[in-house]
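To find a chain, count down the sequence lines: A is the first, B the second, and so on, and within it residues start at 1.
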There are 2 protein chains.
Amino acid sequence: MGRRSDHSRVELHALILAAGAALMAETGLSDFSAREVAKRVGYTIGTVHNVFGNVDGLVMAINTATFALWADALEARLAGAEQDRIAVLVDAYFAFARDNPLRWSAIYEHRIAPDAIPEAQGAVRGRLTGIIVREVAAALDRTPDAAVGTLARSLVATVHGHCAFAVSGSWEAMGERDVEGAALARVRESLAAAR
Amino acid sequence: MGRRSDHSRVELHALILAAGAALMAETGLSDFSAREVAKRVGYTIGTVHNVFGNVDGLVMAINTATFALWADALEARLAGAEQDRIAVLVDAYFAFARDNPLRWSAIYEHRIAPDAIPEAQGAVRGRLTGIIVREVAAALDRTPDAAVGTLARSLVATVHGHCAFAVSGSWEAMGERDVEGAALARVRESLAAAR
DNA sequence: ACAGATAATGAACAGTGTTCATTTTAATGA
DNA sequence: TCATTAAAATGAACACTGTTCATTATCTGT
């Protein structure tokens with residue numbers, strides 16, 4: 001066959017991306033298959049390669065979409081939060097990872113050089129960090145400058161570490177129950193020290 | 001062919017493990033190949049499967065060996081440390097990850113249910129945590145009880161999060177320079193709060 | 001109606017992990 | 001010493017993977 005008018009280029013992009021994200025949620029990165037995605041959308045592997053270049057390109061796009069969903073989830077939770085927004089933030093952070101363990105894990109299992117991420121996708125991914133920088137600044141009654149940004153990113157790393165252990169199950173295997181509580185406690189200690 | 005006496009079962013196990021670890025350091029988990037390991041030790045894929053069951057078994061064994069190396073590195077650095085052993089610990093933790101980025105990353109990229117890890121390997125891996133619990137207890141002038149253990153594991157998560165961002169390069173891509181310094185600062189804050 | 005551009009195809013290739021009947025060898029016992 | 005037995009290494013077969021690219025079908029503009 002050749003040029004079909006079933007879908008435009010952007011429609012096709014969206015179609016493959018959606019099916020790819022769904023597959024990622026089902027199988028995780030290690031069992032992800034571009035061929036399976038092609039099968040699901042009724043196109044062939046060649047088409048997937050035409051649109052995304054290669055599997056890494058597709059996975060990158062899926063992971064960027066995951067970041068966007070994640071940021072949406074954080075903002076939705078923060079929207080109705082009057083007090084202790086930091087606790088809400090940490091909880092929403094964990095909740096997303098727990099609700100989407102395979103898609104969340106895929107972000108960090110797919111190791112790729114940061115400069116290989118297209119600028120547009122980098123901007124989408126950066127939204128998550130932006131939210132956190134804003135909230136950390138607010139919690140400290142400061143304007144978001146470089147120092148606040150560095151602290152905020154460090155707190156992201158802190159929470160990420162706890163979240164990674166929680167999702168992998170290694171923390172629970174050690175008999176620990178309240179990973180999220182520990183993460184929040186560490187964040188509070190560092191915020192108190194920064195005040 | 002059949003039963004060769006070139007190597008005993010334990011020799012063969014060690015041989016494949018060593019070659020596998022070397023390959024992991026060269027390629028990382030995503031490009032790791034059991035067939036390539038077999039080729040390098042002069043046996044066939046069948047033999048690798050006989051000894052390690054499957055690829056996951058081999059990767060698990062390699063990762064356990066990585067944990068052992070890592071624990072050795074921490075103890076070596078701590079052996080000559082008189083004061084500020086926490087700073088030495090954090091630095092040694094980062095140094096190992098930086099010096100062995102692909103092997104270190106493979107530990108966390110290879111997602112497997114914790115209860116799938118044989119007890120013997122679990123013990124080896126636990127040595128790392130044991131060292132940290134001991135040092136955290138010492139830093140707090142306490143005996144290592146459950147509460148200290150929980151705090152120590154939380155601090156491991158904190159440092160892990162920073163280390164993961166450092167090794168992936170995502171922190172540097174955000175213009176941040178001193179990831180390790182941030183990790184140590186967070187640890188100090190939490191230790192101060194626990195005192 | 002035709003020509004040119006474009007998009008989808010799918011066969012081909014080189015890999016991967018896994019299985020398991022077969023073969024070869026070493027150890028054992030008569 | 002020699003036949004038997006048990007064990008280990010093999011490697012072909014299978015079903016998958018990602019990637020490439022010449023071919024072909026289709027749309028679009030003239």
Nearest-Å distance, NE2 (B:H7) to P (D:dT10)? 11 Å
Can you measure B:F52 atom CZ to C:dT19 atom P for me and round it to whole angstrom units? 17 Å
List the steps and the verdict of side chain to side chain contact (heavy atoms under 4.5 Å, CB included) for A:W171 and A:C163. CA-CA 10 Å; A:W171 193 281; A:C163 200; over 6 Å; no
Candidates C:dT9, C:dG17, C:dA12 - which lies nearest the side chain of A:R35: C:dA12
Residues A:Y43, A:V51; criterion side chain to side chain contact (heavy atoms under 4.5 Å, CB included); working and verdict: CA-CA 11 Å; A:Y43 282 81; A:V51 176; over 6 Å; no
Tell me what A:S33 touches on the nucleic acid: a base, only sugar-phosphate, or nothing, going by heavy atoms under 4.0 Å. sugar-phosphate
Less than 4.0 angstrom from a charged side-chain N to a carboxylate O is my criterion; do B:E75 and B:R127 meet it? yes
Proximal nucleotide (of C:dT9, C:dT18, C:dA11) relative to the B:N54 side chain: C:dT18
What is the nucleic acid contact for B:N50, judged by heavy atoms within less than 4.0 Å: base, sugar-phosphate only, or nothing? base
Interatomic distance, A:K39 NZ vs D:dG18 P [rounded to whole Å]: 11 Å
Distance check: side-chain N/O of B:T44 vs OP1/OP2 of D:dT10, anything under 4.0 Å? yes
A:R9 has an atom CZ; how far is it from atom P of C:dA5, in whole Å? 18 Å
Nearest to side-chain heavy atoms of B:H49, which nucleotide of C:dG17, C:dA8, D:dG11: C:dG17
Hey, are B:E180 and B:R98 close enough for a salt bridge, meaning a charged N less than 4.0 Å from a carboxylate O? yes
Among the nucleotides C:dA11, D:dA9, C:dA8, which one has an atom lying closest to any side-chain atom of A:I45? C:dA11
Could B:R188 and B:D84 be called an ion pair, given the rule that one side-chain N must be under 4.0 Å from one carboxylate O? yes
For atom NE2 of B:H13 and atom C1' of D:dA8, their distance in whole Å: 17 Å
Round to the nearest Å and state the distance from A:D31 atom CG to D:dG18 atom P. 11 Å
Quick one: B:D56 CG to C:dG17 C1', roughly how many Å, whole number? 10 Å
Mind checking if B:L58 touches a base, just sugar-phosphate, or nothing, with heavy atoms under 4.0 Å? nothing
In whole Å, I'd like the distance from the OH atom of B:Y43 to the C1' atom of C:dT24. 13 Å
